[in-house]
**Q** 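Before anything else, here's the structure in question.
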Amino acid sequence: MSDAPRYRFAPSPTGFFHVGGARTALYNWALALRTGGTFVLRVEDTDESRNSPEWTQGIIDALSWLGIDSKSPRFEGPYFQSQNAELHVAAALRLFDAGNAYWCDLTPDQIQARAKETGKQGYDGYSRDRGLTGGPGQVLRFRVPAGKTIVTDLVRGDVEFANDTIEDFVLLRSNGSPMFLLANVVDDIEMKITNVVRAEEHLPNTPKQQMLWEALGHAAPIWAHVPVLVNEQRKKLSKRRDKVALEQYREEGILPDAMINYLMTLGWAPAGDTEIVPWSRIVDEFRLEDVNHSPAFFDIKKLASFNGDYIRAMTLEAFIEASAPVLAASQAWPSDRFNAQVFAQAAPLVQTRVVTLSEVPAMVDFLFLADPAIDEDAWTKTMSADFAREVLTDFATSVATSEWNHDSLKAILETWTEAHGLKLGKTQAPIRVAVTGRTVGPPLFESIEILGRDETIRRLNSGIARLG
RNA sequence: GGCCCCAUCGUCUAGUGGCCUAGGACACCACCCUCUCAAGGUGGCGGCACGGGUUCGAAUCCCGUUGGGGCUGCCA
């Protein structure tokens with residue numbers, strides 16, 4: 001098993017979990033599962049400003065929500081890049097000793113000034129042969145060899161870079177700390193990573209990393225650069241502009257299975273005519289070679305549709321259980337008025353009517369409010385019907401002594417409706433508004449049945465009173 | 001500017017030279033069902049960026065154009 005592939009996911013902790021990162025993690029996880037390989041989590045925390053212990057827990061929690069279980073035998077880590085700093089520096093020094101790196105005392109300002117002078121871009125290799133020996137204020141730069149670098153990529157094929165278009169990049173900062181490129185490669189070597197699957201934005205870095213692997217005496221891993229996720233403007237999803245936090249979707253009632261399934265269909269599709277497929281099938285079918293080459297728009301509407309499908313596919317028990325937290329957290333009614341048994345009765349009525357769990361409370365609030373919140377527009381619209389008062393009055397009278405189930409309740413109104421030459425769609429409206437406060441909602445007669453006779457009659461009468 | 005990547009309905013995709021008068025999904029529209037709203041069912045709208053090749057035959061291969069995107073830091 002020593003040749004089982006080792007995949008890795010290497011996020012930098014930034015305080016929230018990016019949906020793009022989630023997809024990359026899922027790709028790596030699916031691959032590790034199918035190949036009998038390992039998923040290594042490494043937190044790239046070498047930038048002080050991106051380092052906070054709770055961020056790390058956030059990553060673990062987010063992965064776990066996505067079904068990437070840190071206790072699975074397929075999972076390894078988390079490792080922390082910051083803890084390997086000594087290794088990174090040692091590798092850099094080895095590179096210097098071997099002549100693959102050299103010291104440079106140019107400041108960023110000086111580099112810019114030189115570039116302006118020569119009319120060229122970036123650092124020009126000024127210190128290559130100056131024989132500097134290091135010390136305060138000097139950075140260590142990699143000596144990019146002549147020739148070209150060919151990156152063999154599982155999704156993109158061979159990508160060729162002319163080495164003279166790659167400047168001698170910094171390995172060690174002037175304060176002696178290692179840069180990301182170096183740290184990343186040294187860690188990957190150290191952790192025996194065989195497959196690097198990451199977002200396309202890293203592709204331009206790849207020739208540099210490949211040169212590092214080789215200079216350090218190792219064969220480069222198998223690369224795969226998957227397309228980035230973009231917004232409606234076709235720009236890379238960004239924290240500032242876009243809704244990218246996985247946690248936010250979780251809070252809004254997106255189901256993990258829906259998110260997982262949706263994310264996997266961005267840039268890839270399972271065989272057949274349906275995109276809604278269980279994770280087990282994704283694991284069986286997912287291949288990097290089949291991943292699309294172009295950026296994919298993260299479409300919240302389609303995500304919502306997937307979520308609706310997943311909600312409807314749940315058993316009633318599962319739906320009730322999944323709704324419990326949002327119900328408990330809801331501010332829609334005084335918490336002591338909530339009744340789990342009542343909700344359980346209403347649950348089948350709401351399950352087909354919500355797309356996210358967060359919509360559940362608004363669907364049943366009239367059951368838990370002392371008085372339903374009357375929507376004014378709904379009221380004026382429905383109560384302006386000339387039969388409104390009469391239907392309310394007659395219905396209240398009839399149901400006072402009728403059998404208490406939705407079929408009889410419906411039959412009562414149907415009889416009344418026919419006798420008045422009207423349509424049930426019309427006559428139910430005033431009753432619905434008086435009882436629930438709105439023109440839309442779960443089926444009326446079922447709702448009334450659950451609400452109970454006394455409360456229904458009370459609301460009907462208070463509606464009549466409100467009519468004046 | 002330089003380097004690199006990409007290009008099938010509005011969006012996500014199927015498609016790897018003939019099965020394509022291009023299939024599915026989301027969105028949208030219509031109809032059916034129906035106590036409202038959903039769900040469900042049926043149907044519709046809508047696409048191979050453009051121009052050259054190669055080939056008996058091109059969405060599929062090649063070149064160019066155009067258009068998008070990414071990277072370009074002593075961030076990761």
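Below, chain A is the first sequence line, B the second, and so on; all start at residue 1. This one's a predicted model, so the numbers in the text were calculated from it and none came from an experiment.
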**Q** With a 3.5 angstrom cut-off on both distances, give the Watson-Crick or G-U wobble partner of B:C74, or none if there isn't one.
**A**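 Checking every strand shown, B:C74 finds no partner, since no pair has both distances under 3.5 Å.
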**Q** Would A:Lys243 and A:Tyr249 count as a cation-pi pair here, with the cationic atom under 6.0 angstrom from the ring centre and within 45° of the axis?
**A** yes
**Q** Between A:Asn292 and B:U8, is there a contact of a side-chain N or O with OP1 or OP2 at under 4.0 Å?
**A** no
**Q** Map A:Ala10 and A:Lys410 onto RNA chain B by nearest heavy atom, then report which one ends up closer to the 5' terminus.
**A**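 Comparing both residues, the 5'-ward one is A:Lys410.
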**Q** Tell me which pairs pass side-chain hydrogen bond (donor to acceptor under 3.5 Å, both in side chains) where either residue lies in residues 163-172 of chain A, with sequence neighbours left out.
**A** A:Tyr102-A:Asp168, A:Arg128-A:Asp168, A:Thr149-A:Asn163
**Q** Is the base of B:C37 touched by the side chain of A:Arg353 through a donor-acceptor pair closer than 3.5 angstrom?
**A** yes
**Q** Between atom CZ in A:Phe366 and atom P in B:U36, what is the gap in whole Å?
**A** 16 Å
**Q** Give me each pair satisfying salt bridge (charged side-chain N to carboxylate O under 4.0 Å, His left out) with a member in residues 372-390 of chain A, each pair once, sequence neighbours excluded.
**A**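 Every salt bridge (charged side-chain N to carboxylate O under 4.0 Å, His left out) pair that includes a residue of residues 372-390 of chain A, provided the two are not neighbours, is A:Glu376-A:Arg466.
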**Q** Name the nucleic acid region contacted by A:Glu232, choosing base, sugar-phosphate or nothing; use a 4.0 angstrom heavy-atom cut-off, strictly under.
**A** nothing
**Q** Using a cut-off of 4.0 Å on non-hydrogen atoms, how would the nucleic acid contact of A:Glu446 be classed: base, sugar-phosphate, or nothing?
**A**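 Contact class for A:Glu446: base.
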**Q** With sugar-phosphate meaning primed atoms plus P, OP1 and OP2, does A:Phe161 contact a base, only sugar-phosphate, or nothing at under 4.0 Å between heavy atoms?
**A** sugar-phosphate
**Q** Should the pair A:Arg438 and A:Phe366 be classed as cation-pi, given the thresholds of under 6.0 Å to the six-membered ring centre and 45° from the axis?
**A**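 A:Arg438 over A:Phe366 ring: no.
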**Q** Out of B:A76, B:U36, B:C6, which nucleotide sits closest to the side chain of A:Ser12?
**A**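 Among the listed nucleotides, the one closest to the side chain of A:Ser12 is B:A76.
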**Q** Does A:Glu44 form a salt bridge (Lys or Arg N to Asp or Glu O under 4.0 Å) with A:Arg42? I'd like the steps, not just the answer.
**A** CA-CA 6 Å; A:Glu44 308 223 317; A:Arg42 181 175 70 238; 2.9 Å; yes
**Q** If we call it a pair only when both distances are under 3.5 Å in a Watson-Crick or G-U wobble match, what pairs with B:A30?
**A** B:U42
**Q** Counting only Watson-Crick pairs (N1-N3 plus N6-O4 or O6-N4) and G-U wobbles (N1-O2, O6-N3), all under 3.5 Å, who is the partner of B:G51?
**A**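 Paired with B:G51, as far as the under-3.5 Å criterion goes, is B:C63.
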**Q** Looking at every strand, decide which applies to A:Pro442 at a 4.0 Å heavy-atom threshold: base, sugar-phosphate, or nothing.
**A**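 Counting heavy atoms under 4.0 Å across all strands, the contact made by A:Pro442 includes a base.
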**Q** Show me, pair by pair, the donor-acceptor contacts under 3.5 angstrom made by side chains of residues 292-303 of chain A, not counting sequence neighbours?
**A**
residue  : atom : partner  : partner atom : Å
A:His293 : NE2  : A:Val155 : O            : 2.7
A:Asp299 : OD1  : A:Lys301 : N            : 3.0
A:Lys302 : NZ   : A:Glu275 : OE1          : 2.9

**Q** With sequence neighbours left out, what residues match A:Ala318 under side-chain contact (heavy atoms from CB on, under 4.5 Å)?
**A**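 Per chain and number, A:Ala318 pairs via side-chain contact (heavy atoms from CB on, under 4.5 Å) with A:Met314, A:Thr315.
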**Q** A:Leu266 near the nucleic acid: base, sugar-phosphate alone, or nothing, with a heavy-atom cut-off under 4.0 Å?
**A**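 If one applies the 4.0 Å heavy-atom cut-off, A:Leu266 turns out to touch the sugar-phosphate alone, with no base involved.
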**Q** Apply side-chain contact (heavy atoms from CB on, under 4.5 Å) to A:Thr417 and list each qualifying residue two or more places apart in sequence or on a separate chain.
**A**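 A:Thr417 satisfies side-chain contact (heavy atoms from CB on, under 4.5 Å) with A:Leu413, A:Leu422, A:Leu424, A:Thr427 once adjacent residues are dropped.
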**Q** What is the distance, rounded to the nearest whole Å, between atom CE of A:Met211 and atom P of B:C3?
**A** 16 Å
**Q** Any chance the side chains of A:Asn261 and A:Arg281 put a donor and an acceptor closer than 3.5 Å?
**A**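 A:Asn261 vs A:Arg281: no donor-acceptor pair found between side chains.
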**Q** From CG of A:Leu182 over to P of B:C75, roughly how many Å is that when rounded to an integer?
**A** 13 Å
**Q** Round to a whole Å and report the spacing from CD1 of A:Ile450 to P of B:C35.
**A** 18 Å
**Q** If pairing requires Watson-Crick or G-U wobble contacts with both distances under 3.5 Å, which nucleotide is the partner of B:C37?
**A** none
**Q** Excluding sequence neighbours, so at least two apart, what forms side-chain contact (heavy atoms from CB on, under 4.5 Å) with A:Thr356?
**A**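 Result, side-chain contact (heavy atoms from CB on, under 4.5 Å) vs A:Thr356: A:Ile254, A:Asn307, A:Ser358, A:Glu359.
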**Q** Sticking with atom C1', work out how far B:U60 lies from B:G18, rounded to a whole angstrom.
**A**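 Looking at atom C1' only, B:U60 and B:G18 are 11 Å apart.
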**Q** B:C37 P sits how many Å from A:Phe445 CZ, rounded?
**A** 14 Å
**Q** Please list, pair by pair, any protein nitrogen or oxygen found under 3.5 Å from a nitrogen or oxygen in nucleotides 70-74 of chain B.
**A**
residue : atom : partner  : partner atom : Å
B:G70   : OP1  : A:Lys236 : N            : 3.2
B:C71   : OP1  : A:Lys236 : NZ           : 2.6
B:C74   : O2   : A:Ser174 : N            : 3.1
B:C74   : O2   : A:Ser174 : OG           : 3.0
B:C74   : N3   : A:Ser174 : OG           : 3.0
B:C74   : N4   : A:Leu106 : O            : 3.3

**Q** Rounded to the nearest Å, what distance is computed from the CG atom of residue A:Leu413 to the P atom of nucleotide B:U36?
**A**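 About 12 Å, once rounded to whole Å.
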**Q** Write down the distance separating the C1' atoms in B:C33 and B:C12, rounded off to the nearest Å.
**A**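 Comparing C1' positions in B:C33 and B:C12 gives a spacing of 30 Å.
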**Q** Using the P atom as the reference point in each nucleotide, state the distance between B:G23 and B:C56 in Å, no decimals.
**A** 29 Å
**Q** Quick test of your reading: applying salt bridge (charged side-chain N to carboxylate O under 4.0 Å, His left out), list the pairs with at least one residue in residues 147-158 of chain A, sequence neighbours left out, ordered by first then second residue.
**A**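 Checked against salt bridge (charged side-chain N to carboxylate O under 4.0 Å, His left out) - neighbours excluded - the pairs reaching residues 147-158 of chain A are A:Lys148-A:Glu160, A:Arg156-A:Glu200.
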**Q** Using whole Å, report how far OH of A:Tyr262 lies from P of B:U11.
**A**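 One finds 12 Å between P of B:U11 and OH of A:Tyr262, rounded.
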**Q** Need one value for A:Ala269: base, sugar-phosphate or nothing, where a base atom within 4.0 Å counts as base even if backbone is also close, heavy atoms only.
**A** sugar-phosphate
**Q** Please identify each residue that fulfils side-chain contact (heavy atoms from CB on, under 4.5 Å) with A:Asp273, with sequence neighbours left out.
**A**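 Here no residue qualifies.
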**Q** Please list, pair by pair, any protein nitrogen or oxygen found under 3.5 Å from a nitrogen or oxygen in nucleotides 45-49 of chain B.
**A**
none

**Q** Can you name the residues that form a salt bridge (charged side-chain N to carboxylate O under 4.0 Å, His left out) with A:Glu247, not counting sequence neighbours?
**A** none
**Q** Return whichever of A:Gln81 or A:Gln428 has its heavy-atom-nearest nucleotide of RNA chain B closer to the 5' end.
**A**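 In this pair, the answer is A:Gln428.
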**Q** Strictly under 4.0 angstrom, non-hydrogen atoms only: write out the protein contact profile of nucleotides 19-33 of chain B, one letter per nucleotide from the 5' end, B, S or -.
**A** -----BBS-------
**Q** When all nucleic acid strands are considered with a 4.0 Å heavy-atom cut-off, which category describes A:Pro443: base, sugar-phosphate, or nothing?
**A**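 Answer is base: heavy atoms of A:Pro443 come under 4.0 Å of a base.
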**Q** B:U36 C1' sits how many Å from A:Asp377 CG, rounded?
**A**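 The distance from CG of A:Asp377 to C1' of B:U36 comes to 16 Å, rounded to the nearest Å.
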**Q** Could you tell me how the ring of A:Phe17 sits relative to the ring of A:Phe9: parallel (under 30°), tilted (30 to 60°) or perpendicular (over 60°)?
**A** tilted
**Q** For B:G53 and B:U11, measure between their C1' atoms and round to the nearest Å.
**A** 33 Å
**Q** Is there a donor on the side chain of A:Arg432 or the base of B:C35 sitting less than 3.5 Å from an acceptor on the other?
**A**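 Present.
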